[in-house]
Amino acid sequence: MTTQAPYAQRMELSQAFAPPLLKPALERLEKGFAAYRADAGQTAEFADLLRTFAGRPTPVTEATNLSRKWKGRVFLKREDLVHGGAHKLNNALGQCHLARFMGFSEVIAETGAGQHGVATAMAAAKLGLKARVFQGKKDVDRQRPNALRMRLFGAELIPVTDGQATLKEAVNAAMREWVATFRTTAYCLGSIVGPHPYPGLVRHFQSVIGQEAREEMLKRLGGKHPDAVFACVGGGSNAAGVFSGYVEDASVRLVGCEAAGAASLTHGTLGILHGMETLLLQTEERQIADTHSISAGLDYPGVGPWLAGLKLDGRLESAAIDDDASLAALVELARDEGVLCALESAHAVAGAKFFLQKNPGATVLVNISGRGDKDLDILLQKGLGT
Ligand SMILES: *Cc1c(COP(=O)(O)O)cnc(C)c1O
């Protein structure tokens with residue numbers, strides 16, 4: 001990948017925009033991660049945790065009914081079957097395992113809708129760490145089941161009341177806390193964003209999705225690859241995970257499916273947010289633009305720098321999918337395949353459907369990043385199932 005994707009590599013490794021006070025913590029993390037990866041005992045222990053706690057490997061399901069209807073071959077990588085119901089545990093478990101290896105007994109995390117907070121709380125409970133999770137007060141109130149889950153797993157939930165009291169403020173509060181406490185605390189970051197080493201670290205822990213998918217698809221397709229791979233993109237961690245398995249196979253098209261109201265790969269320009277330079281949705285005055293999506297996980301004005309780099313390198317395509325198309329795809333997948341996916345994942349399903357309309361007969365792999373049970377309230381509000 002080094003030669004084919006120079007932007008992706010350079011942007012993933014950048015620390016130029018990190019808060020100066022965090023440089024020592026980031027350097028310590030970089031060293032700790034290198035030592036962790038070189039440690040065969042840790043690698044074996046983590047592989048065992050993925051298998052016996054997270055429920056990996058996850059299966060690849062051929063969506064035979066949709067394949068017939070959409071005139072192609074559709075395969076689903078089932079991250080909805082990971083413990084907790086989404087890919088987020090791959091990363092949270094990895095970062096908590098790394099934190100314990102580095103000698104920490106406490107982790108902090110930010111969370112938006114609460115999915116990463118729950119994953120961190122589960123991983124921390126399993127690994128005997130104390131977790132403190134920062135969440136915007138507004139999100140605490142509108143995502144009550146996740147607040148309860150975090151507390152049941154023994155995490156301390158800290159509501160953040162600044163500004164809009166949502167994800168951006170939660171990130172800022174967690175960052176401030178880390179600046180004050182990094183000598184004793186690890187920061188478990190929830191997506192493939194931020195300064196180096198986070199993007200590379202998160203991609204490492206999510207790349208298990210792509211490794212498993214690639215191996216399984218080679219078996220199913222008699223030694224061949226799919227024509228295209230689809231994943232939804234919020235910060236970009238599940239997408240980076242599955243794309244990592246195929247980025248060096250130039251014949252495989254990689255398509256990042258964004259919410260139309262938060263399409264930073266499709267419409268963004270280079271700017272700086274949360275310690276990284278990446279594609280961002282900005283106003284003409286270079287303020288961060290307001291975003292909208294029916295799915296909380298995609299409602300982010302930026303994207304991980306590795307994916308932004310792959311886009312600039314011409315390796316990654318993007319598709320902007322609106323709320324209605326993603327809802328329709330969710331319903332179609334549920335009716336035809338018996339899989340209720342997350343609203344986030346439904347964007348990737350819709351992206352694959354549109355692709356097959358233009359490329360009949362193609363074979364596609366869709367990463368189902370999570371299950372839809374968390375979205376049932378929204379589906380009810382939209383009048384589905386009545
Ligand atoms: C959080 C979340 C996302 C978005 O995060 P990425 O870092 O872009 O993967 C997508 N799907 C589900 C199910 C999520 O919980």
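As the structure lists them, so they are numbered: ligands from 1, and atoms in each ligand from 1.
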> For Q115 and ligand 1, does the shortest N/O to N/O distance drop below 3.5 Å?
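No.
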> Taking distance alone, with no angle check, do S191 and ligand 1 share an N/O pair under 3.5 Å?
yes
> So is A239 in contact with ligand 1, going by heavy-atom distances below 4.0 Å?
no
> When you compare the side chains of E258 and T266, does any donor N or O come within less than 3.5 Å of an acceptor on the partner?
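Looking only at side-chain atoms, T266 and E258 do form a donor-acceptor pair, the distance falling under 3.5 Å.
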> What part of H116 sits under 4.0 Å from ligand 1 if we count only heavy atoms: the side chain, the backbone, both or neither?
neither
> For ligand 1 and G370, I'd like to know whether there is a polar contact (N/O to N/O, distance under 3.5 Å).
no
> Using a 3.5 Å cut-off on N or O atoms only, is G236 in polar contact with ligand 1?
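There is such a contact, yes.
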> Pick out which of E212, E216, E215 makes a salt bridge (Lys or Arg N to Asp or Glu O under 4.0 Å) with K77.
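Testing K77 for a salt bridge (Lys or Arg N to Asp or Glu O under 4.0 Å) against E212, E216, E215 leaves exactly one candidate, E212.
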> Specify whether H274 and Y300 have parallel, tilted or perpendicular ring planes, treating 30° as the upper limit for parallel and 60° as the lower limit for perpendicular.
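Rings of H274 and Y300: parallel, as their planes differ by under 30°.
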> Any luck finding a side-chain donor-acceptor pair between N146 and Q115 under 3.5 Å?
yes
> Of the backbone atoms (N, CA, C, O) and the side-chain heavy atoms from C-beta on, which set of S237 has a member under 4.0 Å from an atom of ligand 1: side chain, backbone, both, or neither?
both
> What I want to know is whether G235 and ligand 1 share at least one N or O pair that is separated by under 3.5 angstrom.
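Yes: some nitrogen or oxygen of G235 is under 3.5 Å from one in ligand 1.
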> Yes or no: does E79 have any heavy atom under 4.0 Å from an atom of ligand 1?
no
> Please report whether ligand 1 has a polar contact with E344, defined as an N or O pair separated by less than 3.5 Å (distance criterion only).
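No, there is no polar N/O contact under 3.5 Å.
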> Are H292 and D323 close enough that a side-chain donor and a side-chain acceptor fall under 3.5 Å?
yes
> Any idea how Y36 and F205 line up, ring-wise: parallel (<30°), tilted (30 to 60°), or perpendicular (>60°)?
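Taking F205 first and then Y36, their aromatic rings stand perpendicular (interplane angle over 60°).
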> With a 3.5 Å cut-off and no angle check, do the side chains of N172 and E110 form a donor-acceptor pair?
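Checked: N172/E110 side chains show no N/O donor-acceptor pair below 3.5 Å.
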> Who pairs with A308 by side chain to side chain contact (heavy atoms under 4.5 Å, CB included), at least two apart in sequence or on another chain?
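Partners of A308 under the side chain to side chain contact (heavy atoms under 4.5 Å, CB included) test: M11, T278, L279, V303.
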> In the protein, which heavy atom is nearest to atom 15 (O) of ligand 1, and how far is it?
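Closest protein heavy atom to atom 15 (O) of ligand 1: K88 NZ, 2.7 Å.
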